[in-house]
Amino acid sequence: IEYVNKVYRDSIYVRDSNAYEEVYGYSNVTIEQIESALNSNTKINNDYKQFIIQYVRDWNRLYPGSDFSTLYHNLSTLEIKVCTKDEMARYTLSTTSLACYKKSENTIYVLDGIDLSRESSDYIIVAHELTHCARNTIFEREDGKKIFVSFFDDMNMGMYIEEALITDFCYELQGLG
């Protein structure tokens, strides 16, 4: 498969949206499909559902034609857990984290009381973690192949590039300069 980075006997590593049709069975997900997936997910409260749909609309406005297939895939099982400071410290191993996405769990942990308004710095943090969810996933297909969709290869220090690009992107989404 030429649009994936690596294919091993039991695993496929995807770096390009051209592979979405192959690994998900669909591509070019619409905003309406995102809304439907959100409405079906009981593990996300209404405040975060509204945040996510506005996030997708803003993204699509800035970059029309973006493929939201990975986000759509993740929305079927995504959980957003609102946590106390002590819970966040246990989940993230950090006493200063306001939010964290754990790809292996498909869960975004957020500190209780976080400000979701566009003008806040918390907006950048939540949008940042949601962008990880929109770009990355791990799952096993029915045929037994393990699928890894990610911007970077762990062995090539791509995490730093992804973190920088996502942060820049989220400031662009916020639109405050």
Please round to the nearest 0.5 Å and tell me the distance separating atom CD1 of Ile114 and atom SG of Cys83.
10.5 Å

Under 3.5 Å donor-acceptor, Thr107 side chain and Glu105 backbone
yes

Below 4.5 Å, heavy atoms only, C-beta onward: do Leu116 and Tyr123 meet side chain to side chain?
no

Residue pairs passing the salt bridge (Lys or Arg N to Asp or Glu O under 4.0 Å) test where at least one lies in residues 26-50, sequence neighbours excluded
Glu35-Arg57

Does any part of the side chain of Asn28, heavy atoms only, come nearer than 4.5 Å to the side chain of Ser69, both counted from C-beta?
no

Between Leu38 and Ile52, does a side chain to side chain contact (heavy atoms under 4.5 Å, CB included) hold up when you go through it step by step?
CA-CA 8 Å; Leu38 278 169; Ile52 292 169; 3.7 Å; yes

Output the distance between atom CG (Leu75) and atom OG (Ser36), rounded to the nearest 0.5 Å.
10.5 Å

If you measure from CG on Asp122 to NE2 on His128, what distance do you get to the nearest 0.5 Å?
14.0 Å

With a 3.5 Å cut-off and no angle check, do the side chains of Ser94 and Thr92 form a donor-acceptor pair?
no

Looking at CD of Glu129 and CG of Leu98, how far apart are the two atoms once the value is rounded to the nearest 0.5 Å?
10.0 Å

For side chain to side chain contact (heavy atoms under 4.5 Å, CB included), just list the numbers for Val56 and Phe68, CA-CA rounded to whole Å, side-chain angles, deciding distance to a tenth of an Å, and then say yes or no.
CA-CA 8 Å; Val56 170; Phe68 297 103; 3.9 Å; yes

Tell me yes or no: between the side chains of Asp67 and Ser17, is some donor less than 3.5 Å from an acceptor?
no

Let me confirm one number: the CE-CG distance from Met88 to Leu93, rounded to the nearest 0.5 Å.
11.0 Å

Once ring pair (Phe, Tyr, Trp, His ring centres under 6.0 Å) is applied, do any residues pair with Tyr91, and if so which ones, sequence neighbours excluded?
Tyr109

Are any non-hydrogen side-chain atoms of Lys103 and Ile138 less than 4.5 angstrom apart?
yes

So His132 and Glu163, do their side chains get closer than 4.5 Å, heavy atoms only?
yes

Kindly give the heavy-atom pair with the smallest separation between Tyr48 and Val82, and that separation in Å.
CE1-CG2, 4.0 Å

CD of Glu22 to CD1 of Ile147, rounded to nearest 0.5 Å, is 8.0 Å

For Tyr24, which residues count as a ring pair (Phe, Tyr, Trp, His ring centres under 6.0 Å) partner, sequence neighbours excluded?
Tyr20, Tyr26, His73, Phe139

Please give me the minimum heavy-atom distance between Cys170 and Ala127, naming the atom from each residue.
SG-C, 3.4 Å

Where do Trp59 and Leu173 come nearest, in terms of heavy atoms and distance?
N-CD2, 3.5 Å

Partners meeting salt bridge (Lys or Arg N to Asp or Glu O under 4.0 Å) with Arg118 (sequence neighbours left out)
Asp58

Set of salt bridge (Lys or Arg N to Asp or Glu O under 4.0 Å) partners for Asp86, sequence neighbours left out:
none

Looking only at side-chain N and O atoms, does Asn136 offer a donor or acceptor that is under 3.5 Å from a partner on Ser150?
yes

Which atom names give the shortest non-hydrogen contact between Arg15 and Phe148, and what distance separates them?
NH1-O, 4.2 Å

Is there a continuous path of hydrophobic side-chain contacts, each under 4.5 Å between heavy atoms, that joins Ile166 to Val149?
no

Is it the case that the side chain of Glu140 and the backbone of Lys146 share a donor-acceptor pair, with hydrogens and angles ignored and the cut-off at 3.5 Å?
no

Given the rule in the side-chain hydrogen bond (donor to acceptor under 3.5 Å, both in side chains) test, do Asp112 and Thr84 qualify, once you have shown the distances and angles that lead to the verdict?
CA-CA 6 Å; Asp112 189 25; Thr84 65; over 6 Å; no

Can you name the closest pair of heavy atoms from Gly65 and Asn60 and give their distance?
N-OD1, 3.6 Å

Shortest non-hydrogen separation from Ile124 to Gln174 and the atoms involved
CD1-OE1, 3.4 Å

Can Leu130 and Ile108 be said to form a side chain to side chain contact (heavy atoms under 4.5 Å, CB included), step by step?
CA-CA 8 Å; Leu130 184 58; Ile108 299 175; 4.1 Å; yes

Yes or no on side chain to side chain contact (heavy atoms under 4.5 Å, CB included) for Leu111 and Ser97, after CA distance, side-chain angles and deciding distance?
CA-CA 8 Å; Leu111 188 62; Ser97 291; over 6 Å; no

Do we see a donor-acceptor contact under 3.5 Å between the side chains of Gln33 and Thr30?
yes

Mind checking what makes side chain to side chain contact (heavy atoms under 4.5 Å, CB included) contact with Asp143, not counting sequence neighbours?
Arg141, Lys145

